[in-house]
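Report on the following structure.
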Amino acid sequence: MAQTADQTLEAPQATTPAAAEPTQNQSIAVEIYDQIYNLRGTDPAYIERLAAIVDAKMRAVSAHGNTVDSLRVAVLAALNIADELCCARDRSDNLAGSLQNSQQSVRSRAGDLSHLLDELLEDRKVG
């Protein structure tokens, strides 16, 4: 038998002006690992998506482990999700650093080319 719990979730803030308008929290029932949770938030589709991710991760952990304790499955699933988040953040940080290095390299090269062009134009004025 499925149990229920009430929680409020907030979707990430949208950056578009139309989406920035406040909307009412809507209640939505989701099922995670055979339990029903009544969640509130501004974006039911986002809540369903999160619930599906958690449910899938819990089922994967349960299928690969030998535990039937739902709390233990939930903690192991949370650790897996946290690991994925940390890896994604590391990749994002590495890409941001790479982009910053590329931008500095392009700026440096542009400065060098600008200096060479200035010298070339100055030589033409003199000659």
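Using a 4.5 Å heavy-atom cutoff, the side chains of E119 and L116 are in contact. Annotation: side chain of N25 is in contact with side chain of T42 (closest heavy-atom distance under 4.5 Å).
For the atom pair CG of L117 and CG of D112, the computed distance is 12.5 Å after rounding to the nearest 0.5 Å. Rounded to the nearest 0.5 Å, atoms CG (L50) and CD1 (I32) are 8.5 Å apart.
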Output side-chain donor-acceptor pairs under 3.5 Å for residues 70-83, partner residues at least two apart or in another chain, one line each.
| residue | atom | partner | partner atom | Å |
| --- | --- | --- | --- | --- |
| N80 | ND2 | L76 | O | 2.8 |

Show which side-chain atoms of residues 54-64 pair as donor or acceptor with protein atoms under 3.5 Å away, not counting sequence neighbours.
| residue | atom | partner | partner atom | Å |
| --- | --- | --- | --- | --- |
| D55 | OD1 | Y33 | N | 2.5 |
| D55 | OD1 | R59 | NE | 3.1 |
| D55 | OD1 | R59 | NH2 | 3.4 |
| D55 | OD2 | R59 | NE | 3.0 |
| K57 | NZ | E84 | OE2 | 2.4 |
| R59 | NH2 | D34 | OD1 | 2.9 |
| S62 | OG | Y33 | OH | 3.0 |
| H64 | ND1 | A60 | O | 2.8 |

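Counting only distance, with no hydrogens or angles, the side chain of S102 and the backbone of S98 share a donor-acceptor pair below 3.5 Å.
For the residue pair S27 and R40, the shortest heavy atom distance occurs at N-NH1, 3.5 Å.
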